[in-house]
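Read the numbers this way: they start at 1 and go in the same order the structure lists the ligands and their atoms.
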Amino acid sequence: MVKIVGITITQHLLEQQREKPEATGGFTHLLNELIVAAKVISSEVNKAGLVDILGSTGDINIQEEQVQKLDVFANRIIIERMQHIGQLCCMGSEEVADLIDIPSQYPKGSYILLFDPLDGSSNIDVNVSIGTIFGIYKRESDETDINFLLSEALQPGIKQVAAGYFVYGSSTIMVYTSGNGVHGFTLYPSVGEFLLSHENIRIPESGKIYSVNESNYEYWDEKTRALVDHFKSKEKAGHSYTSRYVGSLVADFHRNLLKGGIFMYPADLKDPKKPSGKLRLMVEANPLAMVVQHAGGYASNGYGPILEIQPDELHQRVPLYIGSKKDVELAEEYISGKRI
Ligand code: AHG
Ligand code: MN
Ligand code: MN
């Protein structure tokens with residue numbers, strides 16, 4: 001008889017809720033529904049090779065990138081599940097140009113959900129880990145009856161009430177924080193439950209892993225090149241680093257969170273339309289910046305905290321240096337020119 005050990009995510013969320021006297025249960029409900037959406041995505045990812053869900057749709061999305069069928073599937077699953085639960089006043093998705101309103105027939109709530117439905121799309125067809133990233137804010141005005149404004153969603157990452165991600169890999173894991181530690185839960189597939197597997201994750205203060213796509217070297221400025229050269233030089237760094245780059249932010253981030261290290265997606269001149277690099281502030285950088293901060297790490301755009309950036313637009317991109325605090329602080333020294 002298999003004895004299930006470990007706390008379920010449901011139990012964990014209820015325990016966290018009990019610690020907040022003002023809690024109404026709305027957040028717990030929201031997260032539980034998002035978890036159901038992730039379980040559906042996970043089950044499709046795990047059999048993607050068997051059903052007609054691989055490959056691209058032939059469309060180009062708002063990000064001017066090839067849309068993968070699984071991108072569309074994951075996006076649809078999350079929107080359709082989350083729009084009717086009565087906890088949200090709007091959503092923002094990497095895959096949708098504008099804010100997603102809650103249809104009038106459904107009750108509205110006071111939370112805002114921003115998400116990357118499927119991160120690491122280039123890895124979908126080759127069985128490499130991919131994931132979903134999410135950030136949750138609260139509407140600041142309590143006027144739930146008036147139309148929701150984009151400006152209300154464009155809050156700095158420091159205002160997130162919770163953030164996290166799912167990695168669909170060798171196992172499916174969920175990592176999240178609501179400000180009271182960072183906790184990881186692993187999906188027990190035959191039972192369909194996420195069980196607590198990584199309680200109170202703390203990222204090492206400095207690491208021995210750097211993650212960056214070095215093929216962009218020729219498109220970087222001198223400071224960025226000097227920074228990456230630092231990690232490649234045992235003499236400069238004082239110890240040797242190893243390079244790891246999966247090509248799925250969520251997988252590279254998760255490995256560095258557990259082992260220590262730095263992930264970098266610098267600004268580059270590869271695409272004049274994307275001078276700030278490829279990654280998105282609202283649906284990738286901010287959620288992971290909240291997670292890493294509550295695990296004792298740091299996330300920067302090279303000049304200052306990601307979480308303090310006041311967003312101008314929903315899909316704005318940002319250079320990202322994220323991971324072990326000392327490694328990211330070093331990146332800031334190089335990028336801001338304090339160290340050469
Ligand atoms: P998405 O699949 O949501 O568009 O994100 C892909 C991102 C991120 O996951 C990864 O770190 C980065 O793209 C890889 O970009 P390069 O292939 O340019 O290195
Ligand atoms: Mn992504
Ligand atoms: Mn994506």
Side-chain angles (χ1 to χ4, degrees), residues 37-38 41 44-45 48 53-57 59-79 91-97 100 113-126 128-135 163-169 209-220 224 228 243-257 261-271 273-289 291-292 299 306 314-323:
I41 296 167
E44 288 305 307
V45 165
I53 204 161
L54 283 179
S56 68
T57 63
D59 302 321
I60 299 292
N61 67 6
I62 172 73
Q63 315 288 344
E64 295 176 4
E65 294 158 342
Q66 271 286 346
V67 178
Q68 302 295 323
K69 288 179 184 172
L70 215 47
D71 280 326
V72 172
F73 173 81
N75 190 52
R76 184 168 58 79
I77 289 294
I78 294 173
I79 293 172
M91 290 183 261
S93 166
E94 179 193 273
E95 298 297 328
V96 180
I100 302 159
L113 174 66
L114 291 167
F115 61 95
D116 176 357
L118 208 81
D119 175 69
S121 307
S122 62
N123 283 322
I124 289 173
D125 298 4
V126 293
V128 172
S129 297
I130 50 182
T132 297
I133 307 172
F134 63 91
Y165 57 89
F166 299 88
V167 181
Y168 314 115
I209 296 171
Y210 74 92
S211 311
V212 71
N213 184 340
E214 302 206 35
S215 72
N216 293 331
Y217 194 88
E218 64 179 308
Y219 302 110
W220 293 333
T224 306
V228 176
S243 169
R244 290 284 183 274
Y245 194 74
V246 173
S248 296
L249 166 62
V250 70
D252 280 314
F253 174 83
H254 182 67
R255 180 203 52 246
N256 292 355
L257 180 72
I262 181 169
F263 173 93
M264 300 173 275
Y265 208 107
D268 63 50
L269 301 174
K270 195 172 189 178
D271 181 346
K273 284 183 281 185
K274 300 172 190 168
S276 298
K278 177 178 183 180
L279 299 181
R280 280 70 45 155
L281 174 62
M282 299 306 287
V283 297
E284 291 170 317
N286 270 335
L288 298 183
V291 170
V292 82
I306 288 284
L314 189 57
H315 295 289
Q316 81 184 61
R317 296 172 193 270
V318 67
L320 181 62
Y321 302 87
I322 187 168

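Closer than 4.0 angstrom to ligand 1 lie heavy atoms from E65, E94, D116, L118, D119, G120, S121, N213, Y245, G247, S248, L249, F263, Y265, K278, L279, R280, E284.
Under the 4.5 Å side-chain criterion, counting only non-hydrogen atoms from C-beta, T132 is not in contact with D119. Looking at V318 and R280, their side chains never come closer than 4.5 Å, going by heavy atoms from C-beta outward. Within the 4.5 Å cutoff, side-chain heavy atoms of N216 are placed close to those of Y265. Side-chain atoms of I100 and S93, non-hydrogen and from C-beta on, do get closer than 4.5 Å to each other. Put simply, the side chain of I41 reaches to within 4.5 Å of the side chain of I78, judged on heavy atoms.
With sequence neighbours left out, the side-chain hydrogen bond (donor to acceptor under 3.5 Å, both in side chains) criterion links T224 to D221. Partners of N123 under the side-chain hydrogen bond (donor to acceptor under 3.5 Å, both in side chains) rule, at least two apart in sequence or in another chain, are S248.
Ordered by chain and number, D116 OD2, D119 OD1, E284 OE2 make up the set of protein N, O or S atoms under 2.8 Å of the Mn ion (ligand 2).
Summarising the geometry, atom CD belonging to E94 is positioned 10.5 Å from atom CG belonging to L314; distances are rounded to the nearest 0.5 Å.
Using cut-offs of 30° and 60° on the angle between ring planes, the pair F263 and Y245 is parallel.
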